[in-house]
There are 2 protein chains.
Amino acid sequence: MTPGSDITLRDVARASGYSVSTVSRVLSASRPVGAGTARRVREAAERLGYRPNQVARALRSRSTATVGLVLPQITNPFYPTLVRELTHVLDERGRAVLLVDCDDDPDKEAARIEALLARQVDALLVVPVDEHRSRPAVAAAAARVPLVLLDRSCGPGVADLVAVDNAAGMALVLDHLAARGRRRPCYIGADGTASAAAERRAAYEAGVSALTPGEPPLLALGDFSAAWGREAVDRLWDERDRGDRRPPDAVVCGNDLIALGVIQRLRQLGVDVPGQVAVTGFDDVPPADLADPAVTTVRQPVRDIAVEAVRLLERGLDGAGAPVCDGSPQDAAPRSPGTPVARHAVRLAPHLVVRASTVPDTAPAPSGTRHGARSGPAGTPAPRSAVSPTAPLIPNSTKAAQ
Amino acid sequence: MTPGSDITLRDVARASGYSVSTVSRVLSASRPVGAGTARRVREAAERLGYRPNQVARALRSRSTATVGLVLPQITNPFYPTLVRELTHVLDERGRAVLLVDCDDDPDKEAARIEALLARQVDALLVVPVDEHRSRPAVAAAAARVPLVLLDRSCGPGVADLVAVDNAAGMALVLDHLAARGRRRPCYIGADGTASAAAERRAAYEAGVSALTPGEPPLLALGDFSAAWGREAVDRLWDERDRGDRRPPDAVVCGNDLIALGVIQRLRQLGVDVPGQVAVTGFDDVPPADLADPAVTTVRQPVRDIAVEAVRLLERGLDGAGAPVCDGSPQDAAPRSPGTPVARHAVRLAPHLVVRASTVPDTAPAPSGTRHGARSGPAGTPAPRSAVSPTAPLIPNSTKAAQ
DNA sequence: GTGAAAGCGCTAACAT
DNA sequence: ATGTTAGCGCTTTCAC
């Protein structure tokens, strides 16, 4: 009924008077082909509404042009932006994305990676659930297809990794706070085994001594949630817990969700942000600028992460099917033996986004465009300027009257 | 090298002493099979580390067990939760998800739907970009595979639709505001052609007359963004624009992002929320309870939407390959001729979530678990209770000293 | 219940 | 530059 439903190469071959292989060569541009031939084949294909069957192509060519994207929890507000960039970059290169969400469960993660491999994905992009417990499944998968880790590591030497430079980001935050005269910072972060948690905490500890020489750093470690941010504030501002210290004048948070919880609770306690306490986040997730005050934070170079990850992936795709480190020239460079080296660990530079949570009197900006957060479930193109005098304000009585 | 890499059915057949077809029947449980046979075949498969090649299976059986999920913009905070539920429901049924993001562009949408069809997806789940401009591509796709629309429609009769009952949600909001004594509400929503925008606005207009009988409803229409929420407040609180009315005592927003922008700006203007003005949202996206005050909103039954959508999809998969309305008994019921009926439009009941933006003195809750928003990029299991006295608070000086 | 054979739609050798 | 011949790994008739 619908044209194009069941037209195969054979049909196009018949209709154009050429052989199946010639038609294949024309349509997949795999080899040089006659001038007029190409035209006539394409014409026939067009006329019949031919659409190549990618499954058949995949079976024969042993390449599905599909990559698996494995996320620990898509509801984490950092990932949607990453997913967008990755799908766009991959789409441009003709690759599709099989998405799986692991519910933060390493067992589900292992099972779903297995399922992706059964579907013959060409490669995997993985944000591992857990630094330790994800390792076996990820390592096994990496032995079968090119695999790039994103955002988090899962032990040394498992696969290439692309992530933000957490240490550099934390340094940006501490420099900023120091420049604004903050002298009694504390850190509210996560305790987990995930690499980002450890890296950010270590970077804080390393950098904070410049601000408070000689004094032990004040750390509160829970998880990467707003709830933990609220709770940590309750403790730090409770004198019994704090001991004899004065309350902090800056709270450095391990991510934006913690910072949002911190700001929320500080305000409930009547603490002025940023007057009494400055607050910083990390990641620059969409809700970070919706808080009041908006959160000063470290923006991850998400686009670059996506581009770099795909580049690494395709490097693995081009080289022999063997994703294993195969002693190629650049890998043969001498290494210190004790260092268990991930094949490549690309660390991309972050960017400090200064907002009202650290800088008072930031003119209540008339708004400002933000990356993903623009349109709603039924979104439409936004008005060009948020203060455009022509946008609709409709005291309405005429239409849709009850 | 790695076992399981290139083992095929033939290998298992040889190893078990059975024929390829028998092995196939055992492993896909497609037909009754000998008792001991099954055992021995499975044993051999296990031993060799056999993993079925889903691509070959798909080519032969004409079913990829894969569905395409087409989103307008994954960065919209409403979608991650939906994606999670959908992938989980589908995964339970052995189906994988090819995800595409359309960048809110109907042309990209059309191209990507085409690409999904070329990959032989069994079915499509689509949140259309635009009520009108998405129609041709969606209708064409619906003629080729079972297709279910989610969240938004794209014209009548194109495909089944599963969405929240926007009218019911708006009624919940208005009832709540009326019960709290609000008498001068206004609506800040979206102007777009997307169905949710229109439905919510219409429901507001229909319901508000009970609150303000005889008075024309006050509507401000822009888009579904926080920026528009801020701008709309600027206008409504500007006396030149408002004319002689008193400022509203309640702002009903078309979605949560608008509400977050509204709250942010009202606070900057020194307006007390909810004291002077109550604010409501719609959707209950994760950031909605991170605002201060947290946003009273309408929670979409996301899980139910996912379950129902998949149910409809599989109904289409079981019936003949023809997704077209085929005059089956239940569809043959008499219809009023003028009504262009979408095959099924499932409307699911929403749920009002009352938070501090409409109810003052909500005890500053010690926290509270929220669906998706729990863990960060390097998240770990959260402490059981947010006020647990045993969680770590570490004035640390020993480790990682720089 | 089991095996032999055919073939899904395509690409890749190998011919010419 | 084009055609011919083999399959990719699996499911599915069709026989027995």
Side-chain angles (χ1 to χ4, degrees), chain A residues 4-42 44-45 48-66 94 115 117-122 144 321, chain B residues 4-42 44-45 48-66 94 115 117-122 144 321:
Chain A
S5 301
D6 289 285
I7 312 296
T8 77
L9 262 194
R10 276 187 72 208
D11 300 320
V12 179
R14 255 201 293 270
S16 65
Y18 286 93
S19 78
V20 189
S21 28
T22 300
V23 174
S24 167
R25 292 195 267 255
V26 171
L27 273 62
S28 59
S30 51
R31 293 228 273 152
V33 78
T37 308
R39 202 181 41 70
R40 273 186 284 184
V41 167
R42 264 188 254 282
L48 297 182
Y50 168 74
R51 288 71 129 14
N53 181 326
Q54 301 290 356
V55 171
R57 180 200 290 261
L59 177 59
R60 182 62 239 233
S61 66
R62 315 182 109 10
S63 158
T64 51
T66 301
L117 291 174
R119 281 165 191 281
Q120 312 294 119
V121 292
D122 290 345
R144 317 232 287 117
Chain B
S5 303
D6 289 286
I7 312 297
T8 76
L9 261 194
R10 275 188 73 207
D11 301 319
V12 179
R14 256 200 292 270
S16 65
Y18 286 93
S19 77
V20 186
S21 25
T22 300
V23 175
S24 167
R25 292 196 265 255
V26 171
L27 277 83
S28 59
S30 50
R31 291 228 272 151
V33 78
T37 308
R39 202 181 40 68
R40 274 186 284 183
V41 166
R42 263 188 254 282
L48 297 182
Y50 168 74
R51 288 71 127 14
N53 181 325
Q54 302 290 356
V55 170
R57 182 199 289 262
L59 177 60
R60 181 63 239 233
S61 66
R62 314 184 125 326
S63 157
T64 52
T66 301
L117 291 174
R119 291 185 135 80
Q120 312 293 120
V121 293
D122 290 345
R144 317 234 284 117

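Each chain gets a letter, A, B and so on, in the order the sequences are listed, and its residues count up from 1.
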Output for pair (A/R62 CZ, B/N53 CG), nearest 0.5 Å, gives 7.5 Å

Distance col, row B/R51:CZ vs B/L27:CG, nearest 0.5 angstrom, shows 13.0 Å

Does a donor on one side chain sit under 3.5 Å from an acceptor on the other, for B/T66 and A/R119? yes

ask   = Under 3.5 Å, is there a donor-acceptor pair between the A/S19 and A/S21 side chains?
value = yes

Just to be sure I understand the rule, does [X] reach a base, reach only the sugar-phosphate, or reach nothing, if contact means heavy atoms closer than 4.0 Å?
| X | result |
| --- | --- |
| B/T8 | sugar-phosphate |
| A/T37 | sugar-phosphate |
| B/R10 | nothing |

5'-most contact on DNA chain C (nearest-nucleotide basis), B/G34 vs A/V55, goes to B/G34

Nearest-Å distance for atom pair [atom1]/[atom2], residues [X] and [N]:
| X | N | atom1 | atom2 | answer |
| --- | --- | --- | --- | --- |
| A/R39 | D/dT2 | CZ | P | 13 Å |
| A/R119 | D/dC8 | CZ | P | 22 Å |
| B/N53 | D/dT11 | CG | C1' | 13 Å |
| A/L59 | C/dT11 | CG | P | 11 Å |
| B/R25 | C/dA4 | CZ | C1' | 10 Å |
| B/Q120 | C/dG9 | CD | P | 9 Å |
| A/L9 | C/dC8 | CG | P | 13 Å |

*pair B/Y50-B/L9: side-chain heavy atoms closer than 4.5 Å*: yes

Checking D/dT12, C/dC10, D/dT2 against the side chain of A/R31 (C-beta onward), the nearest is D/dT2

Residue pair A/T22/B/R57 against DNA chain D: nearer the 5' end by closest nucleotide is A/T22

What residues 12-21 of chain B contributes to the DNA chain C interface at heavy-atom separation below 4.0 Å is B/Y18, B/S19, B/S21

query = Going by modelled atom types, is there a donor-acceptor pair between the base of C/dG9 and the side chain of B/R60 at under 3.5 Å?
reply = no

- Query: At under 4.0 Å, does any side-chain N or O of B/R62 touch on OP1 or OP2 of C/dG9?
  - Reply: yes

Check: Below 4.0 angstrom from OP1 or OP2 of C/dT11, is there any side-chain N or O of A/S24?
Finding: yes

Tightest non-hydrogen contact, residues B/Q120 and B/T64, listed as O-OG1, 2.8 Å

Taking every heavy atom of B/D6 against every heavy atom of B/D11, the minimum-distance pair comes out as O-OD2, 3.7 Å

